[in-house]
Protein chains: 2
Amino acid sequence: MKNPITGLNKIFDNRIRLGVMSVLMVNEEISFNDLKALLEVTDGNLATHLVTLEENGFLKVHKGFIGRKTNTTYAITRLGEKTFSEHINALENMIKGVK
Amino acid sequence: MKNPITGLNKIFDNRIRLGVMSVLMVNEEISFNDLKALLEVTDGNLATHLVTLEENGFLKVHKGFIGRKTNTTYAITRLGEKTFSEHINALENMIKGVK
DNA sequence: AAAAAGTACTTTGTATTACAAAGTATGTGA
DNA sequence: TCACATACTTTGTAATACAAAGTACTTTTT
């Protein structure tokens, strides 16, 4: 038997960051407010998790407009895609051991 | 689109607790020392996570002996099995959305 | 023109958590 | 008797999560 949790990334231990990443894997981009509504979190809390993910180079930010209103969107980076994929593979291997 | 992290259990956010549970899903029981070696954690740290899981009713403890040496083993409870299964299903659904 | 509201934060404060390291009780082997 | 093993508990620190309040800027409403 080998350690079932090798390959799990500490950054993705958190459910909110997990949610952000999985949303961004299947959506080209998503706005701050849509993310907030989707994950059902407070704006301050979401903002800090987004900072963490950005600081780690897993997502990139685009500050734009919808009409004249500010609209910040987030997208996954190449590194984010790679790192998150590895995490998911590790999760799947763990689950496979369970099933 | 719906919230991808509903159904994820907070207790299982932690990698070590995740590891303990997934080991106990496929092993009838495992000793403290084997768990410690397998998950590569310090004994104190492991002990606190085991307490958390036990307090939540997810595992049961059996204090026995091997020859004359103390040997504490851990096993999953019915509740633990059910709750962890639900967590894994939630994870799988999240992953499915990603793939 | 003034007031209210929206966006996307930042700051502040609190409570919880993770973890290592050291300490402990009990027993065993040399 | 002394060192070692098991399975913790205690202690202390650092990191984290989170809500709530504050902020800067703009837009919409009245």
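Chain letters run A, B, ... following the sequence lines, proteins first and then strands; every chain starts at 1. In what follows, every heavy atom counts, from backbone to side chain, and hydrogens, waters and symmetry copies are set aside.
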Once you round it to whole Å, what is the distance between [atom2] of [N] and [atom1] of [X]?
X	N	atom1	atom2	result
B:Leu50	D:dT6	CG	C1'	14 Å
B:Leu18	C:dA18	CG	P	12 Å
A:Ile16	D:dC18	CD1	P	4 Å
B:Arg15	C:dA18	CZ	C1'	12 Å
B:Phe65	C:dT26	CZ	P	13 Å
B:Leu39	C:dA20	CG	P	13 Å
B:Ile5	D:dC18	CD1	P	9 Å
A:Glu40	D:dC18	CD	P	13 Å

What contact category does B:Lys36 fall into here, base, sugar-phosphate, or nothing, at under 4.0 angstrom with non-hydrogen atoms? nothing

Which of these nucleotides, D:dT9, C:dC19, D:dT27, is closest to any side-chain atom of B:Ala47? D:dT9

Check B:Ile76, B:Thr77, B:Leu53, B:Leu35 against B:Leu24 for a side chain to side chain contact (heavy atoms under 4.5 Å, CB included) and give me the one that passes.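 Option passing the side chain to side chain contact (heavy atoms under 4.5 Å, CB included) with B:Leu24: B:Ile76.
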
A:Thr70 or A:Asp43: which one's nearest nucleotide on DNA chain D is closer to the 5' end?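 So the residue in question is A:Asp43.
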
A:Asn45 or A:Lys69: which one's nearest nucleotide on DNA chain C is closer to the 5' end?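 The residue whose closest nucleotide sits nearer the 5' end is A:Lys69.
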
Between [X] and [N], does any side-chain N or O lie under 4.0 Å from OP1 or OP2?
X	N	answer
A:Arg17	D:dA17	yes
A:Thr72	C:dC9	yes
B:Lys63	C:dT26	no
B:His49	C:dC19	yes
B:Thr42	C:dC19	no
A:Asn33	C:dA8	yes
A:Asn71	C:dG6	no
A:Tyr74	C:dC9	yes

Assert yes or no for the condition that the ring centre distance of B:Phe84 to B:Phe12 is strictly below 6.0 Å. yes

salt_bridge(B:Glu92, B:Lys96) N-O dist < 4.0 Å: no

Value for CG (B:Leu91) from CE (A:Met94), rounded to nearest 0.5 Å, stands at 6.5 Å

Would you say the side chain of B:Glu54 lies within less than 4.5 Å of the side chain of B:Lys60, judging by non-hydrogen atoms?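 Result no, sub-4.5 Å side-chain heavy-atom pair not found.
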
